[in-house]
Amino acid sequence: MTKPFALALHGGAGVTPGRDYRLVEAHLAELAAAGRARLAEGLSALDCVDWAVGELEASGLYVAGRGASPNRAGVVEFDASIMDGSRPRAGAVCAIRNVQSPIRAARAVMELTPHVLLAGAGATDFAREKELPEIGNDPAWFRMPVGVEQADIDAEADMLSHGTVGAVALDVQGRLAAGTSTGGLFGKRPGRVGDTPLPGIGTWADSQVALSCTGIGEMFILSGGAGDVAARMRYGGEPLDSATRAMIARVGELGGDGGVIAIDRVGNHSFAFNSGGMKRAFAGSRGPTEVLIA
Ligand code: ASP
């Protein structure tokens, strides 16, 4: 019998009614299908998550990587983290500047240092030292994400609007991994760090579940985020869906909005969100491929 494998993706919580998301839908469908094929061929969950988040960042269709928007000082600062649930091990960067792929910088922290999280100038210097591709001074490198215009960014600068990308995967060897990458909240203060680069909050993977969150990072930090879902499952034996919904309900009680994608060790998936939509996709050995926006 084939061993289960699965991939879930998100392109951020929050959807603006009436906007055309066909490009995003097509992109998520393409990535889900390609990821499914790669996992079926034996790609590891970690490499799959790294690849998928890298593609989401590079597309410019989401508020991460090429789609990221600047902070109040006019500078783009990224947050990202990746976690390999089979060891476990994790790597993360926060308030890093000038890297083309924050998720690759996070993976480099995991694989090339004894640390988990590098911040600010130290993270940016580390990426340069490891010769990770840089953005340089070219503002044209950034693309405005689909559904977001400069006027929205200006208008929403104080309203905690946001966007992020993430991926979670289970490979045929039963290993789980998760990764998340973001430009953070629109109009954030320089140095502001959200949930995305925090293993246990924005990203988590262990031997039973892999999770990636999106939404107002402050409330995910206060709710316990991805780690709360994993703890509900580990200590309380709570089913996956009930655990993800409970965490998102708590985010809502705290006044936040957002969502989470998750895959468990047998390939079940869960999408939970309280935002108006979450761009998301699932593909795996169990069940049909799903691409959903609303
Ligand atoms: N969680 C991210 C942050 O707070 C934003 C998002 O997911 O849209 O930085």
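Note that the coordinates shown come from a computational prediction; the quantities given were computed from them, not determined experimentally. Indexing begins at 1, ligand by ligand and atom by atom, following the structure's order.
- One finds the CD1 atom of I263 at 8.0 Å from the NE2 atom of H269 (value rounded to the nearest 0.5 Å).
- Both the sub-6.0 Å distance and the 45° axial angle are not jointly satisfied by R66 relative to the ring of F142.
- Considering backbone and side-chain atoms together, T164 places an N or O closer than 3.5 Å to an N or O of ligand 1.
- For G215, the heavy-atom gap to ligand 1 drops under 4.0 angstrom.
- An N or O contact shorter than 3.5 Å is missing between C213 and ligand 1 by distance.
- Interface atoms of ligand 1 facing D195, defined by a heavy-atom separation under 4.0 Å, are 1 (N), 2 (C), 3 (C), 4 (O).
- At a cut-off of 3.5 Å, with distance as the only test, a side-chain donor of S270 or D241 sits close to an acceptor on the other residue.
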Please evaluate residues H27 and E55 with respect to the criterion side-chain hydrogen bond (donor to acceptor under 3.5 Å, both in side chains), reporting the C-alpha separation (whole Å), side-chain torsions for both, the decisive distance (0.1 Å), and the verdict. CA-CA 10 Å; H27 187 240; E55 293 290 317; 5.1 Å; no
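- Residue-ligand proximity, T214 to ligand 1, at heavy-atom distances under 4.0 Å covers atoms 6 (C), 7 (O), 8 (O).
- Salt bridge annotation for R265-D206: absent, with no cationic side-chain nitrogen under 4.0 angstrom from a carboxylate oxygen.
- Those atoms of ligand 1 with a heavy atom of G184 less than 4.0 angstrom away are 9 (O).
- Taking distance alone, with nitrogen or oxygen atoms compared against 3.5 Å, T182 stays at or beyond that limit from ligand 1.
- Checked against a 3.5 angstrom limit, the closest N/O atoms of R192 and ligand 1 fall inside it.
- Contact detail for G166 and I261: the closest heavy-atom pair is O-CD1, 3.9 Å.
- Here the CD1-OG1 distance, from I201 to T180, works out to 12.0 Å after rounding to the nearest 0.5 Å.
- Residue T196 touches ligand 1 through its side chain alone, judged by heavy-atom distances below 4.0 Å.
- Distances between N or O atoms of G194 and those of ligand 1 include no value under 3.5 Å.
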